[in-house]
Number of protein chains: 2
Amino acid sequence: MPATIRDVARASGVHVSTVSRTFSAPHLVNPDTRSRVLSTAESLGYRPNRAARALITGRTHNIGLIVADIANPFFPPLIKAAESQSRQRDYHLFVADTNEDPVVEEQLVHALAKQVDGVLLCSPRMSNDLIEKLRKDVPLVVVNRPVEGLPAVVMDIAGGARAAIEHLVGLGHRDITLLGGPRGSWTNREIRRSATAAARAAGATLTALGPHQPTEAAGQAACDAVLATGASAVLAYNDLMAIGLLEALHERGVRVPEQLSVVGIDDIMLSRLVHPKLTTVATPAAAAGRAAVDMLLQDDQEHRATALVTLQTQLVIRDSTGPAPVTPPSVAADA
Amino acid sequence: MPATIRDVARASGVHVSTVSRTFSAPHLVNPDTRSRVLSTAESLGYRPNRAARALITGRTHNIGLIVADIANPFFPPLIKAAESQSRQRDYHLFVADTNEDPVVEEQLVHALAKQVDGVLLCSPRMSNDLIEKLRKDVPLVVVNRPVEGLPAVVMDIAGGARAAIEHLVGLGHRDITLLGGPRGSWTNREIRRSATAAARAAGATLTALGPHQPTEAAGQAACDAVLATGASAVLAYNDLMAIGLLEALHERGVRVPEQLSVVGIDDIMLSRLVHPKLTTVATPAAAAGRAAVDMLLQDDQEHRATALVTLQTQLVIRDSTGPAPVTPPSVAADA
DNA sequence: ATGAAAGCGCTAACAG
DNA sequence: CTGTTAGCGCTTTCAT
């Protein structure tokens, strides 16, 4: 039903190859012919079939984007930016959700491999070994995790976590709890490593909890465990967990930041809308989405293969952090 | 480089058509042959090329999803559900963002048309006429808007708006402001129509403001205009705007709900995390995403063409609504 | 500058 | 049940 290249050829009295060239190599065709072809194509409503083109060129002009959870507020800005950047370069974006499941992650890469020119693997939970294997099937760009010899865009999470710990120590906190994120998350390991080092350097103790799902519910559920540590401050794996914790704290009558200081990571929109406004480490999700697309589409294969882009993070101090209390919060809560 | 059907045929000593059948009509091939083919396919890492298949079958097994703004918290749950439902039925999902621009909307439908078996048009801003035209190019399912003769899934926004107004009237509010949403939104028109009727029926006045972008910033910016109406209650186009309004109100020292009651629509995750927790009309975004995919993939063309699925909404009363004050808020704010 | 012909990977009759 | 053949819509040599 839709017009094909043949219809256009017939209607404009040239051969299909000329029509083809008109679209894929316009400079190789006589201006007059070109405009004639173009106008009949226009009038027939002809649009090249990308799938057919892909069959022969090997380039689909599609990109796959795989995320752990579309509904996790960290991802939409990243997805939006990646989509926008893709389309600007005349690519379409497949979006797929793994539900935090590494097995689904692998299936998705395989399923998309033939239909895309590359896959953006965001915050993958699968092993590095598996990533190494999958890259044989399809060009990969990894987001939120460095992988040896593979293009990746990461954020300076270590710097962010350090800044957060230093901020807390500066406020007099000496016992800090780390509310850990999901198993398999590079970001989680990075936070832990960096926060531990920063705490030690400052003579503070850091108690790590987890692993946890990176959700508000998990943050809420971890409240008692957090209080049990007796710490006066918490650094959470992400804002969602921090916000869940904030809620549970509110229910239990623990005042933030008077009794307990809370720091998140990500700076999702929510963070400045909750009460108290969340102190957090801002991560440039949109920039990461754009950068990942750019890396994938970069012509220079050599350069791309080894590139590691690191995006800066920034501590945003709001109202959920304050001076360390004299009395630890678990005791205060009992009072 | 990747194995083709031909490689598999050669390696398993059968013809390509047999391999093809093994995958697309397994019951037509001898069990022994089948398992042999399957295992060599497995060992070669063969996966059917969907694009090539699409070329001949005419079915891509892809679906397009077009939304106004991926980062608008209303959409991620819808996208997630649509993606999950699609994949369960062995379809992949293209996601595209129009930035609330009707022109981009049209371009996207065209751009995706050849690559998908259908497009889910979510909260379209384009005209009905244009939708009618586009349906000639590709099967369409419209979400959040009924279109004559086209499959659509809508929410009972009218019922929700009525419930909201009745809730406010029941609290003694007599002057209500409607904080309008974007031009071109069917939902916006529906809210306005229904809220107006409900207010009239209850002997209350309703002042409509707008159009506005459906964003938090717009809600914030509209604060003064809202106060200027002298109303004691506000129904906003969506939660995002309501939350923006809440913020601005807080800055101006107007207490919610003591001085002004605020109701949102959507029940995004944010709504129960802001302070005060937002009273809102819950809309089933995830169910809509699933339903839309189901409708698109429904075998029965006849039935599909005329189907209109209406999903129920529900008023969720939280803390942003309360009894009408004696003194209107604009005066109180001045005091 | 344009035409002719081959073929990308696959499916779909049609034979056998 | 399996092989043969044709061709989906397009690009790309290779001629002309």
Side-chain angles (χ1 to χ4, degrees), chain A residues 1-38 40-41 44-62 90 110-117 137-138, chain B residues 1-38 40-41 44-62 90 110-117 137-138:
Chain A
M1 202 63 233
T4 80
I5 201 174
R6 212 119 45 194
D7 300 327
V8 178
R10 200 153 22 210
S12 47
V14 295
H15 262 251
V16 290
S17 38
T18 303
V19 179
S20 173
R21 276 187 285 260
T22 304
F23 286 94
S24 42
H27 58 281
L28 291 181
V29 48
N30 183 302
D32 292 355
T33 331
R34 190 198 311 161
S35 63
R36 188 154 39 91
V37 169
L38 248 22
T40 65
L44 290 177
Y46 167 77
R47 293 174 190 269
N49 182 324
R50 286 172 168 233
R53 180 180 286 179
L55 205 49
I56 183 157
T57 61
R59 319 218 64 218
T60 62
H61 266 246
N62 291 152
D90 196 27
H110 277 136
L112 288 174
K114 286 285 198 355
Q115 267 188 109
V116 301
D117 295 338
D137 294 330
V138 59
Chain B
M1 200 63 231
T4 80
I5 201 174
R6 211 120 43 193
D7 301 324
V8 178
R10 202 158 18 216
S12 48
V14 295
H15 263 252
V16 290
S17 43
T18 302
V19 179
S20 173
R21 273 187 287 262
T22 304
F23 286 95
S24 43
H27 59 279
L28 291 182
V29 47
N30 183 302
D32 293 352
T33 332
R34 189 197 312 160
S35 60
R36 187 154 40 90
V37 169
L38 247 23
T40 65
L44 290 178
Y46 167 76
R47 296 176 187 267
N49 182 325
R50 283 170 171 235
R53 180 181 285 178
L55 205 50
I56 184 157
T57 62
R59 321 217 64 219
T60 61
H61 266 245
N62 291 150
D90 196 27
H110 276 135
L112 288 174
K114 286 284 199 357
Q115 268 189 106
V116 301
D117 294 338
D137 294 330
V138 58

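Since we're looking at a predicted model, the values are computed, not measured. Lettering of chains follows the sequences in order, A, B, ..., and the numbering in each one begins at 1.
- Once rounded to the nearest 0.5 Å, the distance linking CZ of B:R50 with CG of A:L112 reads 8.5 Å.
- For A:H61 and D:dC10, the NE2 to P distance is 15 Å, given to the nearest whole Å.
- In terms of phosphate contacts, B:T18 brings a side-chain nitrogen or oxygen within less than 4.0 Å of OP1 or OP2 of D:dG3.
- B:N30 is not listed as a side-chain neighbour of B:R36, based on a closest heavy-atom distance of 4.5 Å or more.
- If you take CG of A:L55 and P of C:dC8, they are 9 Å apart, rounded to a whole angstrom.
- Separating the NZ atom of B:K114 from the P atom of D:dC8 is a distance of 15 Å, rounded to the nearest angstrom.
- In this entry the distance linking CG of B:N49 with C1' of C:dC8 reads 9 Å, nearest Å.
- Between the CD1 atom of A:I5 and the C1' atom of D:dG7 there is a distance of 15 Å, given to the nearest Å.
- Of the listed nucleotides (C:dT2, C:dA12, D:dT11), C:dT2 has the atom at the smallest distance from the side chain of A:N30.
- Across all strands shown, A:Y46 has heavy atoms under 4.0 Å from sugar-phosphate atoms exclusively, and none from any base.
- In terms of position along DNA chain C, the nucleotide closest to A:P31 lies nearer the 5' end than the nucleotide closest to the other residue of the pair A:A52 and A:P31.
- Using a 4.0 Å heavy-atom criterion, one finds that A:S20 contacts the bases of the nucleic acid, with or without backbone contacts as well.
- B:Q115 and A:N62 make their closest contact through OE1-OD1, 2.8 Å (heavy atoms, listed as atom of the first residue, atom of the second, distance).
- Atom NE2 of A:H110 is separated from atom CG of A:D137 by 4.0 Å, given to the nearest 0.5 angstrom.
- The phosphate of D:dT2 has OP1 or OP2 within less than 4.0 Å of a side-chain N or O from B:T33.
- The separation between B:F23 atom CZ and D:dT2 atom C1' is 17 Å, rounded to whole Å.
- Residues A:V37 and A:R21 fail the side-chain proximity criterion, which asks for heavy atoms closer than 4.5 Å.
- The distance between atom CZ of B:R6 and atom P of C:dC10, rounded to the nearest whole Å, is 8 Å.
- For B:S17, the side-chain atoms get nearest to D:dG3 when compared with the rest of D:dT11, D:dG9, D:dG3.
- Following rounding to the nearest Å, A:R50 (CZ) and D:dC10 (C1') show an atom-to-atom distance of 14 Å.
- Under 4.0 angstrom from either OP1 or OP2 of D:dG9 there lies no side-chain N or O belonging to A:R47.
- Within 3.5 Å, a donor on the side chain of A:R21 pairs with an acceptor on the base of C:dG3, or the reverse.
- No contact: A:V19 has no heavy atom under 4.0 Å from any strand.
- Each of D:dT4, D:dC10, C:dC10 was ranked by its minimum atom distance to the side chain of B:H15; first place goes to D:dT4.
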